*Asks:* 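Handing you a structure now.
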Amino acid sequence: MSDTHAQTVAYVRSTMIEAADPPSSQTGAIKWMRENLFSGWLNTVLTLMSLLIIWMALAAVGPWLLNSVWTAGSLAECRAVLDGTSGACFSVITDRWHQLLFGFYPPEFYWRPVLALILLFVALAPVLFTALPRKLLIFTALYPFVGYHLLWGGSVWFPVSAALGFVAGFVAYKLLGKVNNLLAIFAAILTPVLWWVFAAGAFDAALSSVMPLGLEFVRSDRFGGFLISLIIGVSGISLSLPIGILLALGRQSDMIFLKTVCVVVIEFIRGVPLITLLFTASLLLNYFLPPGTAFDLILRVIIMVTLFASAYMAEVIRGGLAALPKGQYEAADALGLDYWKAQRLIIMPQALKISIPGIVNTFIGLFKDTTLVVFIGLLDPIGLSNAIRADTNWNGIYWELFIFIGLLFFIFCFGMSRYSMYLERKLKTDHR
Amino acid sequence: MTEPAIEIPVDRKIDTSHMKVSDEIAIQITGMNKWYGTFHVLRDINMTVNRGERIVICGPSGSGKSTLIRCINRLEEHQAGQIIVDGTELTNDLKNIDKVRSEVGMVFQHFNLFPHLTILENCTLAPIWVRKVPKREAEETAMHFLEKVKIPEQAGKYPGQLSGGQQQRVAIARSLCMKPRIMLFDEPTSALDPEMIKEVLDTMIALAEEGMTMLCVTHEMGFAQAVANRVIFMDQGQIVEQNEPKEFFNNPQSERTKLFLSQILGH
């Protein structure tokens with residue numbers, strides 16, 4: 001044994017080393033850049049090229065945006081102010097924003113759609129956030145009638161009598177539910193239909209003459225702009241999800257007739273372009289309806305857009321259903337849950353959770369597709385941008401209008417996308 | 001095979017003398033046949049299960065043993081013959097099926113817990129929605145059974161956070177919360193790691209000691225020896241042999257049974 005060896009074996013530290021900061025190359029911005037932007041020669045080249053492209057884009061758009069004119073009365077005035085320099089003419093927005101938002105809705109009633117939008121968020125809140133008190137859902141159920149009355153106006157008794165149909169159906173279901181389930185379901189469907197066809201009109205007319213209450217009526221052809229996109233989009237979204245669920249369940253059903261009907265509906269609607277459905281709504285549908293029925297064009301469009309989105313929704317949800325293990329169905333069955341309870345408590349919560357990205361994808365697609373109504377003469381924002389351009393003051397203006405419209409849609413679509421990510425995180429319980 | 005070396009994987013020998021079997025019939029199956037398409041899975045099954053009986057069904061894979069117990073709560077439909085559970089005949093009548101299902105508990109090989117609900121919610125769901133028990137009462141019952149399977153502290157967790165053995169014990173508790181009169185076990189330990197098998201078997205033995213009517217499809221021969229009062233051996237969709245465990249293991253009659261036993265006990 002040599003001395004050196006012994007020294008290397010026996011060792012006692014006399015002073016403890018304090019923890020020190022890592023070298024500057026290992027922390028903060030420098031480390032991050034080294035790892036993410038310059039980790040190799042290829043990445044370095046790509047980083048530099050990207051920076052170049054970003055700089056070029058900013059150099060092109062930046063001055064145009066920064067040099068924008070907000071107060072001119074026409075495009076010619078804008079050009080005079082700009083005096084040959086490049087610059088955006090956002091004066092068209094300050095001049096015409098109310099048209100882009102509300103179409104030709106009477107300006108003195110702008111408060112009505114604004115209030116309807118605010119109440120829409122109130123109605124949506126308990127649906128979107130489960131932490132809120134469940135009692136708020138009562139308002140959500142009433143919102144379609146409140147919203148209708150605020151937007152269209154007319155006698156207050158019309159939405160009330162429409163709502164009473166649902167109440168009548170519910171009462172009939174509750175009364176007959178004790179006797180026979182199937183009978184109760186038939187009654188729940190039949191009673192409201194009978195009420196609407198035979199009694200609702202008389203009820204509305206009688207009460208309107210006795211107690212004329214309500215807001216001033218606004219005709220559908222005054223509606224336009226982002227208001228119409230929101231009306232069609234929100235109705236389509238809120239109706240297509242339940243219809244899509246029913247279609248998806250029908251497609252999986254053992255009942256051959258029901259299954260065939262659902263498959264035919266889904267495949268037909270998916271196989272046809274939305275624009276043809278919209279033309280059907282605007283032109284052909286009136287031929288099929290009894291003469292004299294004035295069926296509102298917005299309502300017809302809502303029906304078509306809803307059907308279109310429902311077919312896609314059904315397939316998205318079918319994907320979610322297919323992803324569930326068979327054991328989930330068996331466990332629900334073995335516990336004695338009947339079909340609807342099993343669907344509601346076990347199957348759908350999981351299938352919908354799996355389908356969230358697809359569902360929101362369909363929602364966003366539907367919302368943006370509402371701009372297609374321009375082709376059947378409804379004045380949505382795109383239609384209005386054409387109308388605004390037809391004015392000699394603003395003839396030749398494109399970018400500024402489309403930027404504004406794009407921004408409006410982006411805010412809503414981005415909101416939906418963020419909410420779906422929040423929901424996915426919240427519902428993540430599998431801990432894989 | 002005069003003296004098969006069966007080791008009981010539980011740490012106690014069970015005294016089955018107090019586990020009374022009543023004369024009352026719990027399940028009666030007569031002349032039952034089932035086909036999958038043209039494949040004849042179950043052939044002329046006849047069996048009677050008395051209340052309090054603990055029956056182990058074994059056999060090679062594909063012999064129809066799982067299908068048999070799945071017919072008892074109508075997860076599978078039989079095409080001929082008669083199955084009467086607790087006095088209710090299983091037919092296409094949905095009311096009868098739901099009635100039988102709420103009286104018969106089932107434990108699956110892959111647990112089949114509901115991953116989107118907590119352990120407690122898994123246990124209270126069926127009592128609340130099928131039995132219409134008030135929520136508070138259902139939760140008390142659930143905690144009682146979770147304590148019985150020795151995992152009350154996991155009540156707030158989700159199934160994905162539990163080990164396989166714990167999940168299977170929750171699945172047993174979930175079934176018990178419906179206060180079933182009959183329990184079916186479909187290979188409850190086959191998907192488990194060896195060290196977790198014991199905790200599940202212990203739970204099942206405790207259940208047997210309380211006089212539950214049990215039908216178990218399992219390859220745990222130690223369990224069969226310890227608690228079963230009858231072992232049924234199936235092959236090719238038929239009941240080939242049934243006997244008391246001692247006789248069954250020590251003195252199997254049919255050649256097929258002897259071969260099966262030598263294969264599963266041979267190593």
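We name chains A, B, ... by the order of the sequence lines, and we start the count at 1 in each one. Values in this document were obtained by computation on a predicted structure and should not be read as measured data. When reading the values below, keep in mind they use all heavy atoms of this one structure, side chains included, and skip hydrogens, waters and symmetry mates.
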*Asks:* Count the heavy atoms belonging to other residues, nucleotides or ligands that lie under 6.0 Å from CH2 of B/W129, then report whether that count exceeds 12.
*Replies:* no
*Asks:* What pairs meet the ring-ring contact (aromatic ring centres under 6.0 Å, His included) rule with one or both residues in residues 118-142 of chain A, with sequence neighbours excluded?
*Replies:* A/F129-A/Y419, A/F129-A/Y422
*Asks:* Without swapping roles, check the side chain of B/H40 against the backbone of B/L42 for a donor-acceptor pair under 3.5 Å.
*Replies:* yes
*Asks:* For B/T203 and B/E199, indicate whether the former's side chain and the latter's backbone hold a donor-acceptor pair under 3.5 Å.
*Replies:* yes
*Asks:* By a 4.5 Å heavy-atom criterion (distance strictly below it), what part of B/V100 contacts chain A: side chain, backbone, both, or neither?
*Replies:* neither
*Asks:* Where on B/H110 is there a heavy atom nearer than 4.5 Å to chain A: the side chain, the backbone, both, or neither?
*Replies:* neither
*Asks:* Do any of residues 334-347 of chain A have a heavy atom less than 4.5 Å from a heavy atom of chain B, and if so, which, in residue order?
*Replies:* A/A334, A/L335, A/G336, A/L337, A/D338, A/K341, A/R344, A/L345, A/I346
*Asks:* Quick one: which residues of residues 166-174 of chain B reach chain A at under 4.5 angstrom, heavy atoms only?
*Replies:* B/R174
*Asks:* Going by an N to O cut-off under 4.0 Å, is there a salt bridge joining A/D333 and A/K326?
*Replies:* no
*Asks:* Is the shortest side-chain N to carboxylate O distance from B/K148 to B/E210 below 4.0 Å?
*Replies:* yes
*Asks:* Given that the side chain runs from C-beta out, which part of B/F108 has a heavy atom under 4.5 Å from chain A: side chain, backbone, both or neither?
*Replies:* side chain
*Asks:* Less than 4.0 Å between a side-chain N and a carboxylate O, is that true for B/R136 and B/E140?
*Replies:* no
*Asks:* Less than 4.5 Å apart, any side-chain heavy atom of B/I119 and any of B/P159?
*Replies:* yes
*Asks:* Do any of residues 248-261 of chain A have a heavy atom less than 4.5 Å from a heavy atom of chain B, and if so, which, in residue order?
*Replies:* none
*Asks:* For the candidates B/K99, B/M106, B/H116, B/E103, which exhibits the highest count of non-hydrogen atom pairs separated by less than 4.5 Å from chain A?
*Replies:* B/H116
*Asks:* Verify, without hydrogens or angle tests, whether B/T118 (side chain) and B/E121 (backbone) share a donor-acceptor contact under 3.5 angstrom.
*Replies:* yes
*Asks:* Examine whether an atom of B/L113 lies under 4.5 Å from a heavy atom of chain A, and if so say whether it belongs to the side chain, the backbone or both; otherwise answer neither.
*Replies:* backbone
*Asks:* With a 6.0 Å cut-off on the ring centroids, do A/W195 and A/F166 count as close?
*Replies:* no
*Asks:* Between the main-chain N or O of B/I84 and the side-chain N or O of B/T88, is there a donor-acceptor pair closer than 3.5 Å?
*Replies:* no
*Asks:* How about A/K426: does its NZ atom have over 12 heavy atoms from other parts shown lying under 6.0 Å from it?
*Replies:* yes
*Asks:* About how many Å separate CD1 of A/I302 and CD1 of A/I232, when rounded to the nearest 0.5 Å?
*Replies:* 6.0 Å
*Asks:* In this structure, is the centre-to-centre distance between the rings of A/F367 and A/F363 below 6.0 Å?
*Replies:* no
*Asks:* Taking only Lys NZ, Arg NE, NH1 and NH2, and the carboxylate oxygens of Asp or Glu, determine whether B/K135 and B/E139 approach each other closer than 4.0 Å.
*Replies:* yes
